[in-house]
Amino acid sequence: MRAFLVLLILPWFWGLTGTPARAVDLRSELDSSPREPRRRYPVALALSEDGSALWVANRNGSLSLVSARSREVVGEWELPGELSDLASLPGDGGLLVSIADRSELVWLTRSADGMKERARVTVPENPHRLERGFEGSHPEEPVFFLSSRWGRAVSRVRCVENSSGFSLEVETTTELGFSPGELLRVPSRKLLIVTGAFGGEVAVLDSKGRVQVRGELAGHNIRGIALSGSGRDVMFAHQILNPLARTSFEDVHWGQVLRNVLRRVPVDELLVAGKPGRKRFVRGETLPLGSAGKGAADPGSLVDLGGGRWAVALAGVGEVAIVHPGESREDRVSVGPVPSELLVDEVRGALIVAVTFGDEVVWVPTGSASEAPKLQRLARRASPEELASTRVSLGPLEKETSLELGERRFRDASLSHDGWMSCQSCHPEGHSNGLLCDTLGDDTYGTPKRVLSLRGVDETAPYAWNGSQPTLEAQIEKTLRSTMHADEIPAGVIEGLAHYLRSLGPVPLGGGISTDVDSLAAIRGEEVFSTSGCVRCHTPPLYTGPETYDVGIADERGERLFNPPSLRGVALRSRYLHDGRASSLEELLQGHHHPGVDGFTRVERADLAAFLRTL
Amino acid sequence: MLRSVHPVSRVSKPRRFRVCSTGFRVLAIWALGTPGLGAAVLGISGAVLVGVAAVAGAAEEPASRTARFSEKVLSLVRAVEAHHADHPPIPRLLGPGIAEVCRDARMDASPWIQGIADQPGDRELRSLLEEFFDRATEAGVLDARVIKGVTGALFAAVPGGVTPISPDAARVHESLEANRYVGVGVVYRMVEGRPQVVSTFFGGPAHEGGLRDGDLVYELDGRDTATMDLAAFTKYARGPAGTEVTYVVGRPNSSERRAVTLTRREVPRETVRGHDRDAEGGWIYCLPGTRAAHLRIESLTASTAHELFRAAPRIARERAEAVVLDLRRCGGSEVHSAVLVLDALLQEGILGKTRDGQGERVYRAGPDSLFFGLQLSVLIGPNTFGSAEWLAENLSRAGRAELIGAPTAGSPGIYTIVQVPGWKTRFRMAAGWFLASTRELEDSSAGETKAFAPGPLSRVQPQIAVPEPEGDALTRALVELGRRRSERREG
């Protein structure tokens with residue numbers, strides 16, 4: 001077993017729970033020295049069953065423990081890797097923690113010796129969200145579902161403890177054909193709802209992890225999903241990019257380009273099967289977030305507060321909104337940069353918010369509608385003492401680097417007019433929502449084009465569909481000014497954003513879907529690719545080039561010259577060509593007049609598709 | 001573009017000339033008579049008219065009179081060609097004006113008429129116009145008469161017309177289209193020589209500052225308004241955001257006066273209105289005693305779709321079962337806002353079709369729509385025009401709504417404001433047409449668009465004719481609509 005847990009614990013931690021005062025990790029002695037300055041990036045929260053302890057998963061490789069009573073950090077453990085989520089096992093059975101960059105799931109328990117790793121298992125690439133599953137006939141062995149973004153799969157994992165020890169058993173892995181993001185269990189129906197990480201896909205799985213129904217929300221960036229108190233409706237928090245709107249100042253000002261919404265969908269509606277071969281859009285009532293002058297970019301984690309009120313984290317504007325559907329009213333609380341997870345602290349009638357880029361956890365009193373003025377006072381920071389008591393810093397911060405600034409600003413909607421959108425709104429995690437947007441990137445309106453992935457963008461100059469921007473910095477500035485209509489661009493922001501984008505590697509080789517790929521077919525496909533002229537425009541190793549080419553199709557204004565996007569990670573895109581007219585590699589190679597493909601045989605097309613899936 | 005040529009001018013200062021009366025009248029009707037921009041334009045557009053009253057004849061750079069003339073006319077011709085879907089050929093654009101000026105100059109027009117007959121290129125046309133200008137002015141025709149004769153005839157030759165407007169007027173127009181007008185939010189009219197407040201924008205500075213409907217304005221920043229017409233008054237009333245303006249107002253037939261100081265700011269106008277307001281100023285949409293939400297669309301601007309999205313949750317909370325979209329005093333000449341509203345109301349398939357200088361364009365709906373599952377009816381009438389007619393026609397074509405009321409205006413023009421090189425004046429130019437829907441258009445929703453050429457939209461006819469659908473008549477029409485639907489379902 002890899003020994004990696006390092007305990008950095010304050011001496012008074014064990015006083016919290018009454019466990020013995022001495023604790024060691026798997027490898028090292030108790031370290032009671034002051035915590036070093038660092039950036040933690042809290043991304044996930046879990047409360048202990050009695051509500052006294054709050055576990056915080058920090059993306060930069062540590063677990064923090066916060067006393068919910070005293071609102072203090074009482075412990076922190078190093079857990080190498082990029083933590084993405086955590087979940088409590090019932091009955092103080094420990095914690096499950098997903099580690100995105102290692103594609104692992106870890107089971108930790110607390111013991112007299114401190115935190116112990118009990119089991120670890122490899123899961124499909126880039127695990128993102130954990131959700132409690134359904135145990136069936138073995139209630140003593142908790143089951144969890146885990147979504148894996150690049151792996152494009154949901155795994156069903158059972159936590160087994162028996163005489164031979166602890167183990168995590170991946171019982172099933174369901175390949176979805178899209179990158180999954182959020183998960184939600186519907187206990188009354190024993191169902192799991194899975195949403196797309198980038199687009200609007202929705203799938204309903206049964207308790208065994210088998211896909212029952214597929215559908216799609218009219219939108220993208222589904223960052224929040226919650227069950228209503230009645231259990232009859234599912235509320236989604238997501239965005240809608242309108243290809244008919246232009247990124248003119250007026251359309252941005254009136255929130256026409258990018259709408260931020262909550263969408264209420266009856267569970268029964270999610271279970272309606274579509275016609276074979278046709279995409280089915282699930283219907284539901286949308287509740288718009290934000291208004292002119294006050295955008296609500298990047299709605300995410302959400303909870304039902306009862307009485308018809310919902311709380312939703314607005315990651316782009318650093319606020320939590322308490323929404324009153326039907327009253328066209330939102331109360332906003334400023335919490336700090338990129339609130340990414342909400343949790344209800346029922347004991348204290350508060351929301352707990354993980355403020356990822358503030359390295360803080362914030363308690364926000366929810367109260368009733370009559371307490372809205374209190375929320376507004378908090379928003380204005382009129383009561384510093386009250387605020388101080390609700391904000392918990394996870395530790396001393398080190399100075400923000402240019403790279404860190406760039407990542408924070410990538411998610412910062414203050415760079416857009418009135419806070420309607422951030423870079424993240426169209427390029428979730430630097431990837432693409434796969435949708436069309438009518439920007440001036442090609443210097444014209446009326447010609448919406450597919451949003452490009454920014455993964456691996458460091459090496460693929462020039463930029464924009466027409467290849468008009470020679471450097472990443474020039475492209476970023478043009479986007480900030482003509483698409484997002486930034487009121488001002490503070491010094492260092494363009495450089496920081498460029499720094500961050502350059503740090504994003506291409507999507508993982510093979511995208512974790514290599515099990516789909518016939519390796520012999522891929523080898524034959526590479527030969528086809530090399531010998532039939534594909535390499536002239538899509539030149540290895542980047543599978544792109546600096547020139548523009550006439551690909552035989554034109555946009556609405558007749559423009560025919562396009563710079564080829566890199567083919568790296570091409571299998572992980574949802575749409576193809578500048579107007580998204582092809583929805584699969586096979587469709588792209590068959591009927592859309594891409595140069596050269598007309599002469600291919602059916603087998604050659606299949607081989608070529610197999611090869612492209614390996615890039 | 002203008003050539004940089006040193007002037008050899010016969011006149012000591014730039015000349016101005018009056019817009020041809022047709023163009024002026026068109027704009028006046030557009031700004032005042034039609035309901036498309038709503039009554040709000042009444043006050044705001046005073047300055048529009050001031051701006052329109054004269055077309056700046058001055059070139060931006062010094063140049064010879066002859067060169068200025070040729071460049072200006074040439075750039076106008078090219079602008080019409082670039083923007084208008086069905087622009088006439090050069091002989092029809094320039095021929096009548098050249099002939100008119102030649103009549104005044106007692107010259108033979110045939111050399112120039114012949115010269116433009118073969119669609120000359122820029123160089124040939126420039127040369128021809130220069131020679132024409134020199135000959136006409138040598139024959140004693142004033143510069144201004146030559147310019148007016150040629151451009152006036154050109155404006156009249158363009159189907160739908162061309163109207164010169166001042167840059168200020170263009171800015172006002174654009175701010176209205178964007179629903180980002182800066183002011184205090186008042187609609188005025190003239191009553192017995194004084195501006196009177198017709199209404200105030202809800203939540204605007206005037207509304208919040210206590211100006212009331214019917215107030216007469218006696219002074220504006222210390223100026224007696226008795227000496228002003230509406231155009232002069234609105235010119236003084238306008239100003240940048242953040243500046244203050246003081247009104248002295250009084251009730252009619254009262255000697256009491258009160259001073260109100262207001263700060264100008266961006267004042268969005270509500271283009272989507274409900275039936276009544278609740279205690280907090282929000283809209284109540286459902287008609288009393290019914291589950292029918294009444295949405296009055298005052299105009300189609302950049303904000304209208306946004307306002308519809310904002311209204312929808314409230315309508316759902318009122319448990320509306322039907323939505324009545326009232327377009328009886330609504331219209332516009334701009335495509336984009338209408339497309340966004342139509343997209344908000346239709347789900348998948350074709351929204352509609354237009355034709356302008358860029359060619360024909362088919363708009364397709366996104367996968368989402370408002371008021372799904374609710375019965376939708378649209379009220380239309382003779383003051384429903386332009387983009388609102390197109391909206392009604394396409395909602396009906398898609399089977400989404402039934403039309404109630406009276407035939408619409410039959411005014412399908414798409415207009416755009418164009419900045420023409422060499423001109424300080426802007427031009428509100430007809431660009432094309434909102435097109436009628438056809439059977440072929442419907443069929444094309446299943447796949448690729450078929451080749452077809454529907455003509456400009458004509459008057460849209462209601463399915464249920466009710467001349468004045470108000471009160472009981474509206475209720476009866478809705479009952480009739482429900483009866484028909486019920487019959488269809490049973491059938």
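All chains are named by letter (A, B, ...) in the order of the sequence lines, taking the proteins before the strands, and each is independently numbered beginning at 1.
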Open item on the list: Is A/S248 close to chain B through its backbone or its side chain, or both, or neither, when contacts mean heavy atoms under 4.5 Å?
Closed with: neither
Task: Test item: B/R310 side-chain N/O and A/G290 main-chain N/O as donor-acceptor pair under 3.5 Å - done: yes
Open item on the list: Using every non-hydrogen atom in the two residues, find where A/L244 and B/H336 come nearest and quote the distance to one decimal.
Closed with: O-CE1, 3.1 Å
Task: Parallel, tilted or perpendicular: ring planes of B/H306 versus A/W254, cut at 30 and 60 degrees - done: tilted
Task: Portion of B/I315 that has a non-hydrogen atom of chain A nearer than 4.5 angstrom - done: neither
Task: Closest non-hydrogen atom pair, B/A302 against A/E250 - done: CB-CB, 4.2 Å
Task: Portion of A/I240 that has a non-hydrogen atom of chain B nearer than 4.5 angstrom - done: side chain
- [ ] Please report the closest heavy-atom contact between A/E285 and B/A316, naming both atoms and the distance.
- [x] OE2-CB, 3.6 Å
Open item on the list: Can you tell me which portion of B/A312 sits under 4.5 Å from chain A's heavy atoms? Options are side chain, backbone, both or neither.
Closed with: neither
TODO: Considering only heavy atoms and a distance below 4.5 Å, find which of B/P367, B/S337, B/S303, B/A178 pairs most often with chain A.
DONE: B/S303
Task: Pair A/R263 + B/D368: basic N to acidic O under 4.0 Å - done: yes
- [ ] Pick one of side chain, backbone, both or neither for A/R246, based on which atoms fall under 4.5 Å of a heavy atom in chain B.
- [x] both
Open item on the list: Does any backbone or side-chain atom of A/F249 lie under 4.5 Å from a heavy atom of chain B? Answer side chain, backbone, both or neither.
Closed with: side chain
Task: Winner by heavy-atom pair count (cut-off under 4.5 Å) against chain B, out of A/H253, A/E216, A/Q256 - done: A/Q256
Task: Neighbour count above 12 (heavy atom, 6.0 Å) for B/R78 CZ - done: yes
TODO: Heavy-atom distances under 4.5 Å only: say whether B/F309 touches chain A with side chain, backbone, both or neither.
DONE: both
Task: Residue, of B/E280, B/R180, B/E348, that accumulates the most heavy atom pairs under 4.5 Å with chain A - done: B/R180
Task: Segment of B/E266 engaging chain A (4.5 angstrom heavy-atom cut-off) - done: side chain
Task: Segment of B/N179 engaging chain A (4.5 angstrom heavy-atom cut-off) - done: both
Open item on the list: What verdict does the side chain to side chain contact (heavy atoms under 4.5 Å, CB included) test give for A/R283 and B/Q347, after you've listed the backbone C-alpha separation in whole Å, the side-chain angles of each residue and the deciding distance to 0.1 Å?
Closed with: CA-CA 11 Å; A/R283 304 183 195 286; B/Q347 186 170 340; 2.5 Å; yes
